[in-house]
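Contents: one structure, followed by commentary.
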Amino acid sequence: MKKIAVFTSGGDSPGMNACIRAVVRTGIFRGLEVYGIQRGYEGMIEGDIKRMHSHSVSNIIQRGGTILKSARSMEFKTPEGRKKAYENLTALGIEGLVAIGGDGTFTGAKVFFEEFGIPTVGCPGTIDNDIYGTDFTIGFDTAVNTALEAIDKIRDTAAAHDRIFFVEVMGRDAGFIAVECGIGGGAEFVMVPETKTDLNSVVKSLKNLRKSKSSSIIVVAEGDDLGNADQIMTMVKEKIKDPSKEFKVTTLGHIQRGGNPTARDRVLGSRCGMGAIDGLLAGKTNCMSGVVNNELVYTPFSDCIGRTKPLNPDHLALIDILSI
Ligand code: F6P
């Protein structure tokens with residue numbers, strides 16, 4: 001293998017740049033020519049692919065976002081789109097790929113490898129932490145710390161006015177961010193897509209809590225089965241039926257996706273990026289380079305996509321116990 005290309009796809013996450021840097025520099029260190037594909041699969045289809053050098057990734061380890069930009073490509077879901085992508089890669093003599101992204105990225109990479117056989121290793125880049133085969137995903141730690149900082153601030157004002165706040169964090173299909181912020185921010189409740197939210201018991205507990213506490217923080221993952229934070233707040237308000245209680249909603253949104261990556265995300269991005277190159281050179285393909293129990297491991301894309309990474313039930317129990 002002499003030439004490889006790297007791209008970022010799906011929702012960006014802080015630490016993707018550290019990962020790109022590790023891929024480029026490890027590749028060059030190991031004697032490869034490295035190319036960068038802009039805007040993920042979109043750039044692959046359009047042939048927006050450029051040679052990268054060691055200096056191309058200077059001064060990026062501390063930056064959020066991705067210097068290669070990212071996109072969610074509809075065209076790559078079609079056989080015609082993938083064929084165009086393959087032609088562009090082979091025209092440049094690219095023999096290996098590093099795909100940095102989440103489950104959508106790996107689903108595309110798996111199909112592409114099965115159709116065209118270009119060896120591909122992935123790196124887990126998503127704030128959601130919902131990828132099987134790695135204890136943490138690149139960007140999760142930064143997103144949690146961003147959300148936590150916001151929750152701390154909300155708690156100040158919530159306490160000052162004796163209000164009940166519903167704070168919505170990202171996580172369409174997974175509650176990892178919500179649970180981590182819930183524990184770290186001392187939330188009274190956390191609502192996540194993985195477990196059924198029992199509105200009546202939340203209302204009952206909130207009424208009891210209000211006897212001993214002046215304010216409450218409820219962290220809601222955006223994908224909760226009962227709806228978003230706004231909808232849940234309305235339902236709770238209607239059931240509590242107490243005009244003296246004030247309810248507020250704060251949706252943190254994309255603020256969680258930006259910002260300088262934490263040390264953990266920079267290190268994780270760097271380790272996974274180096275692992276991707278070393279995996280490709282060792283003949284690995286159709287798998288992801290992740291970190292489990294502090295060891296670099298390779299997990300087949302089929303498991304990364306097909307297996308669900310469960311929330312730790314002890315963490316959910318911890319929130320219940322500590323919020324009394
Ligand atoms: O997958 C990462 C994520 O940030 C999810 O938590 C969120 O639901 C989604 O992306 C938002 O995507 P977009 O930026 O395309 O609206």
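Just so it is clear, the model here is predicted, and its values are computed rather than measured. All values below were derived from every heavy atom in this structure, side-chain atoms included, with hydrogens, water molecules and symmetry-related copies excluded.
- Here the side chain of K3 pairs a donor or acceptor atom with the backbone of L92 at under 3.5 angstrom.
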Original post:
Would L280 and T285 satisfy side-chain contact (heavy atoms from CB on, under 4.5 Å), going step by step from the backbone distance to the final call?
Top reply: CA-CA 6 Å; L280 279 175; T285 183; 5.6 Å; no

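- At distances below 3.5 Å, at least one donor-acceptor pair connects side-chain atoms of Q256 with backbone N or O atoms of M170.
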Subject >> Residue pair E168, D230: steps toward the side-chain contact (heavy atoms from CB on, under 4.5 Å) verdict >> reply: CA-CA 9 Å; E168 185 179 298; D230 242 328; over 6 Å; no

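- In this structure, L322 is not a member of the same hydrophobic cluster as V202, with clusters built from ILVMFWY side-chain heavy atoms closer than 4.5 Å.
- Residue I118 is not grouped with residue L281 when hydrophobic side chains (ILVMFWY) are merged at heavy-atom distances under 4.5 angstrom, including chains of intermediate members.
- Cluster membership check: I305 does not share its hydrophobic cluster with V292, using side-chain heavy-atom separations under 4.5 Å among Ile, Leu, Val, Met, Phe, Trp and Tyr.
- In terms of heavy-atom proximity, G182 sits nearest to V190 at CA-CG2, 3.7 Å.
- Under the 4.5 Å side-chain criterion, counting only non-hydrogen atoms from C-beta, I60 is in contact with V57.
- Here the shortest heavy-atom pairing between I131 and M288 reads CG2-SD, 3.5 Å.
- Residues D173 and P193 form no side-chain contact, since every pair of their non-hydrogen atoms from C-beta on lies 4.5 Å or further apart.
- Between F116 and Y86, the angle of the ring planes stays under 30°, which puts this pair in the parallel group of the 30/60° scheme.
- Judged by distance alone, the side chains of D12 and T66 never bring a donor and an acceptor atom under 3.5 Å apart.
- Under a 3.5 Å cut-off, the side chain of N17 and the backbone N or O of R63 do form a donor-acceptor pair.
- Taking CD1 of I138 as the start and OG of S13 as the end, the distance is 6.5 Å to the nearest 0.5 Å.
- For E149, the CD atom is loosely surrounded, since the number of other residues' heavy atoms within 6.0 Å does not exceed 12.
- In this structure, the side chains of F189 and L206 come closer than 4.5 Å at one or more pairs of heavy atoms.
- Note: S56 OG to L68 CG = 9.5 Å, rounded to the nearest 0.5 Å.
- With rounding to the nearest 0.5 Å, the separation of CG in D265 from CD1 in I61 is 11.0 Å.
- For the residue pair D162 and S215, no side-chain donor N or O sits within less than 3.5 Å of a side-chain acceptor on the partner.
- The heavy-atom pair separating S73 from I45 by the smallest distance is OG-CD1, 3.9 Å.
- Put simply, the side chain of R82 never gets that close to the backbone of E75: no donor and acceptor are under 3.5 Å apart.
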**OP:** List the steps, then state whether side-chain hydrogen bond (donor to acceptor under 3.5 Å, both in side chains) holds for N294 with R271.
**Re:** CA-CA 10 Å; N294 210 20; R271 290 181 74 187; 2.8 Å; yes

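- Aromatic rings from F247 and F165 are positioned such that their centres are separated by 6.0 Å or more.
- In terms of modelled atom types and a separation under 3.5 Å, the side chain of T142 and the main chain of T262 share a donor-acceptor contact.
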Subject >> Worked check of ring-ring contact (aromatic ring centres under 6.0 Å, His included) between F112 and F76 >> reply: CA-CA 9 Å; F112 193 58; F76 196 76; 5.4 Å; yes

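- Listed by first then second residue, pairs satisfying salt bridge (charged side-chain N to carboxylate O under 4.0 Å, His left out) with a partner in residues 276-298 read R30-D278, not counting sequence neighbours.
- Electrostatic pairing of K245 and D242 counts as a salt bridge here, judged by a charged N lying under 4.0 Å from a carboxylate O.
- A 4.5 Å side-chain heavy-atom check between S54 and V24 finds every atom pair outside the cut-off.
- Contact check on E188 versus R155 returns a salt bridge, with a Lys/Arg side-chain nitrogen under 4.0 Å from an Asp/Glu carboxylate oxygen.
- With rounding to the nearest 0.5 angstrom, the CD1 atom of I164 is 10.5 Å from the NZ atom of K237.
- Y298 and S289 get closest at one heavy-atom pair: CE2-CB, 3.8 Å.
- When side chains are defined from C-beta on, K196 does not count as touching L226, because their heavy atoms never get closer than 4.5 Å.
- The hydrophobic cluster containing V267 does not contain L296, counting ILVMFWY residues as joined when their side-chain heavy atoms lie under 4.5 angstrom apart, directly or transitively.
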Subject >> CA sep, side-chain torsions, deciding dist, call: V179, I319, side-chain contact (heavy atoms from CB on, under 4.5 Å) >> reply: CA-CA 8 Å; V179 168; I319 294 165; 4.2 Å; yes

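- Residues that satisfy the side chain to side chain contact (heavy atoms under 4.5 Å, CB included) test with R72, not counting sequence neighbours, are R172, R257.
- Judged by distance alone, with hydrogens and angles left aside, the side-chain atoms of T90 form no donor-acceptor pair with the main-chain N or O of G93 at under 3.5 Å.
- Atom CD1 of I217 is separated from atom SG of C181 by 11.0 Å, given to the nearest 0.5 angstrom.
- T157 places no side-chain N or O within donor-acceptor distance of the main-chain N or O of K153, the cut-off being under 3.5 Å.
- Heavy-atom minimum distance, V220 versus F166: CG2-CD2, 4.1 Å.
- One distance of note links CG of D320 with CG of L316; it measures 7.5 Å at 0.5 Å rounding.
- A cation-pi arrangement is present between K309 and F176, with the terminal nitrogen or guanidinium carbon under 6.0 Å from the aromatic centre and inside a 45° cone about the axis.
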Subject >> Full working for salt bridge (charged side-chain N to carboxylate O under 4.0 Å, His left out) between E46 and R39 >> reply: CA-CA 10 Å; E46 288 162 19; R39 289 169 291 107; 3.1 Å; yes

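- A side-chain donor-acceptor contact under 3.5 Å links S70 to the backbone of G10.
- Of all heavy-atom pairs between G258 and P14, the closest is O-CG, 3.8 Å.
- Contact of the I218 side chain with the M191 side chain is registered, since non-hydrogen atoms from C-beta on lie closer than 4.5 Å.
- F29 and M52 fall into different hydrophobic clusters, where Ile, Leu, Val, Met, Phe, Trp and Tyr side chains are chained together by heavy-atom contacts under 4.5 Å.
- The existence of a salt bridge linking K84 and E80 is excluded, since no basic side-chain nitrogen approaches an acidic carboxylate oxygen closer than 4.0 Å.
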**OP:** Start with the C-alpha gap between V98 and T120, add the side-chain angles, then the distance that decides, and say whether side-chain contact (heavy atoms from CB on, under 4.5 Å) holds.
**Re:** CA-CA 6 Å; V98 177; T120 304; over 6 Å; no

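- Side chains of N59 and R21: no donor on one and acceptor on the other come within 3.5 Å.
- Under a 3.5 Å cut-off, the side chain of D303 and the backbone N or O of G133 do not form any donor-acceptor pair.
- Counting heavy atoms from C-beta on, the side chains of I49 and I94 come closer than 4.5 Å.
- Considering only heavy atoms from C-beta on, V236 comes within 4.5 Å of L199 through its side chain.
- In this structure a side-chain-to-backbone donor-acceptor pair under 3.5 Å is present from T134 to F136.
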